[in-house]
Amino acid sequence: MIRLYNTLTGKKEEFVPVTPGVMHMYACGVTVYDYSHVGHARGAVAFDVIQRYFRRRGYQVKYVRNFTDVDDKIINRAKEEGISPAAVAKKYIDAYQEDMKRLGVDRADVEPLATDHIREMIDVIKRLVEKGLAYPLNGDVYFRVKNFPEYGKLSKRNLDDMMAGARVEVDARKEYPLDFALWKASKPGEPAWDSPWGPGRPGWHIECTAMGFKHLGETFDIHAGGKDLIFPHHENEIAQSEGSSGKRFVNYWLHNGFVNINQEKMSKSLGNFFTIRDILDKYDAEIVRLFLLSTHYRSPIDFSDANLKDARAGLDRFYTMKEGVRNFLAGKKVPAVKPEEVIEAADRPLYEKIQNFGQTFEEAMDDDFNTALAIGILYDLVRDVNKYLAEIDQKNVQAAILLLTAARDAFDDVSRTLGIFLREPEEWFQGARLGESKVTLSVEQIERYIHERNEARARKDWAEADRIRKVLDEAGVALFDRAGGTVWKPK
RNA sequence: GGCGGCGUAGCCAAGUGGCUAAGGCAGAGGUCUGCAAAACCUUCAUUCAGCGGUUCAAAUCCGCUCGCCGCCUCCA
């Protein structure tokens, strides 16, 4: 049973799908006028794991994540760059897809563009006008907030509170200050579509209503986005959607916490942001992904060098274990014996723990997708496996093969759901880690040094062996003398 | 001003009524190693911002105080 925190009710609730066995989810994507920053990455990664998790739990998932490709900021950017708004959108959609691919975020099942749904938006607006929930005004159309009594139910504020706190000058033409635009008359030179109210373009909120309706239906299970979208975006979506359909729009609202820099929200307006690509030039994508998943998705997460380095150390630890298991199992066949016949009593609890690991993982994830807890129990098992490996010489070989094969499979299984720990150890140490390290020698040079050092070691010339170790150390290379030979890793 | 959230060890971070407060990083000691690293073992919060209250029982519920943050304007 999956329990999830619903912003609408302020509580964790049991997930009950609209259609048994099916999960329909809509996540607000990005407005494509610039490169995406790490804050965008957080939501994308969090909801990626959530949709993966529903699939793991057997749901037939339809996941929709849109692109907002018509907007003031896009128009401004187009003017700045001297290209069309459509070209701006295309450029940053491509960039976004590239960033997401690097972060291991799956493509959504549907990735709709606002501009492909103008017809549907106009239909919704027409319905709202017919029902008295919207009114045209000089080519614009506004939502009539006062006629939607439940306005404020998501963000938990009432109209008076909002009026009192209004920080923006209101357009005096509007019937009521909180009425918001569904449709905007276009100015000359701006993108425009024909409508019953004259040429114009959609307001921001209406696209999600139209695309949600079209791809997921008038009532669907989950709508997700960043906490900053609760008001006004999602509040307005509810008003438009429920106002026009007369039905409950969304059953569960999920909102991710912010990425902070020094306790402050990362945002464009504060200027304290890093683009995803900037960060991926400095840190391997898997580090960033693990970092983001190490904190519960609703909590704020502080983006800092120290925290990313923690994540890197965690990956080192995991891949070291994976390497140990893989090396032991290499070339060994799984024996056709029953585990209970060969695994000694002292190791039975560990074997059971491994067997139940998928279930333990699901208990963590069932509780509002607690990836932080899930990663915690995963490290717990890493230690157990390392301990077993340290004592492997005293183990029955058949027992060891069975137990470590089970461990490997258990890790692979949860890794696929989290989208981390999926590489081979070499890819991590000699690929990703080398790529971001400051190693100043070529692989060939390193290997030549190792060869020389091993010759020195063979003749017990420890001084020379240590000298070479030091040379490599200064070049950013760490050496490890293992039973099977010397291996190296970037420091 | 309105509304909402947060404050757990040196750092990161789970835990929201009841077994010894997960896990990681860093630190200390040890095993192993020619040296080293990794790994393993031991150690590392009688205590959960502070003060009161409810309860047989609270980090977990309630109240107040302090500190921090977010939304109310585009924002993931």
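All values below were derived from every heavy atom in this structure, side-chain atoms included, with hydrogens, water molecules and symmetry-related copies excluded.
Among the nucleotides B/rA38, B/rC74, B/rA76, the one closest to the side chain of A/F258 is B/rA76. In the set B/rA76, B/rG34, B/rA38, the nucleotide with an atom closest to the side chain of A/D481 is B/rG34. With B/rA22, B/rG34, B/rC40 as the choices, the nucleotide that has an atom nearest any side-chain atom of A/L373 turns out to be B/rA22. Comparing B/rC69, B/rA14, B/rG24 against the side chain of A/Q263 picks out B/rC69 as the nearest.
Within 4.0 Å (heavy atoms only), A/G10 reaches no atom of the nucleic acid at all. Within the nucleic acid shown, A/D380 comes within 4.0 Å of sugar-phosphate atoms alone, with no base atom in reach, counting heavy atoms only. Among the heavy atoms of the strands, none lies under 4.0 Å from A/K268. Counting any heavy atom pair closer than 4.0 Å across all strands shown, A/F480 reaches a base atom. Base engagement by A/V259 is indicated by at least one non-hydrogen atom pair under 4.0 Å involving a base atom. Within the 4.0 angstrom heavy-atom criterion, no nucleotide atom of any strand lies near A/M321. Within the nucleic acid shown, A/L229 comes within 4.0 Å of sugar-phosphate atoms alone, with no base atom in reach, counting heavy atoms only. Among the heavy atoms of the strands lying under 4.0 Å from A/N256 is at least one base atom, whether or not backbone atoms are also near. Across all strands shown, A/H233 has no heavy atoms under 4.0 Å from either base or sugar-phosphate atoms. Within 4.0 Å of A/G225, counting heavy atoms only, lie sugar-phosphate atoms of the nucleic acid but no base atom. If you check every strand for non-hydrogen atoms under 4.0 Å, A/R469 touches a base. At the heavy-atom level, A/L389 lies nowhere under 4.0 Å from the strands shown. A/G226 comes within contact range of the sugar-phosphate backbone alone, with a heavy-atom separation under 4.0 Å but no base atom that close.
For the P atoms, the distance linking B/rU65 with B/rG24 amounts to 40 Å, nearest Å. As rounded to the nearest Å, B/rA37 and B/rG29 have P atoms that lie 12 Å from one another. As rounded to the nearest Å, B/rA28 and B/rC19 have P atoms that lie 34 Å from one another. The separation of B/rA76 from B/rG70, taken at their C1' atoms, amounts to 13 Å, rounded to a whole angstrom. Look at the C1' atom in both B/rA22 and B/rU47: the space between them is 16 Å, to the nearest Å.
OP1 or OP2 of B/rC71 sits under 4.0 Å from a side-chain N or O of A/K265. For the OP1/OP2 pair of B/rG24 and a distance below 4.0 Å, the side-chain nitrogens and oxygens of A/R383 include at least one atom meeting the criterion. Distances shorter than 4.0 Å separate none of the side-chain N or O atoms of A/R312 from OP1 or OP2 on B/rC25. At least one side-chain nitrogen or oxygen of A/N386 sits closer than 4.0 Å to the OP1 or OP2 atom of B/rC40. At least one side-chain nitrogen or oxygen of A/R317 sits closer than 4.0 Å to the OP1 or OP2 atom of B/rC40. Of the side-chain N and O atoms in A/N260, none sit less than 4.0 angstrom from OP1 or OP2 of B/rC69.
A straight line from CD of A/E235 to P of B/rU73 spans 13 Å, rounded to a whole angstrom.
Side-chain N/O atoms of A/R453 and base N/O atoms of B/rG34 include a donor-acceptor pair closer than 3.5 Å. A donor N or O paired with an acceptor N or O is found under 3.5 Å between the base of B/rG24 and the side-chain atoms of A/D310. The base of B/rG70 lies outside donor-acceptor range of the side chain of A/D228, with no N or O pair under 3.5 Å. Between the side chain of A/N158 and the base of B/rC3, no donor-acceptor pair under 3.5 Å is found.
Within a 6.0 Å sphere centred on OH of A/Y5, other residues, nucleotides and ligands contribute more than 12 heavy atoms.
In the model, A/D316 has a side-chain atom that pairs as donor or acceptor with a side-chain atom of A/W428 under 3.5 Å. Counted by atom type alone, A/E207 and A/N66 present one or more donor-acceptor pairs between their side chains at under 3.5 Å. Side-chain polar atoms of A/D481 and A/T486 form a donor-acceptor pair below 3.5 angstrom. Counted by atom type alone, A/D69 and A/T115 present one or more donor-acceptor pairs between their side chains at under 3.5 Å.
Checked by atom type and distance alone, the side chain of A/S294 pairs as donor or acceptor with a backbone atom of A/L290 at under 3.5 Å.
Relative ring orientation between A/F411 and A/F318 is described as perpendicular, the plane-to-plane angle rising above 60° on a 0-90° scale split at 30° and 60°.
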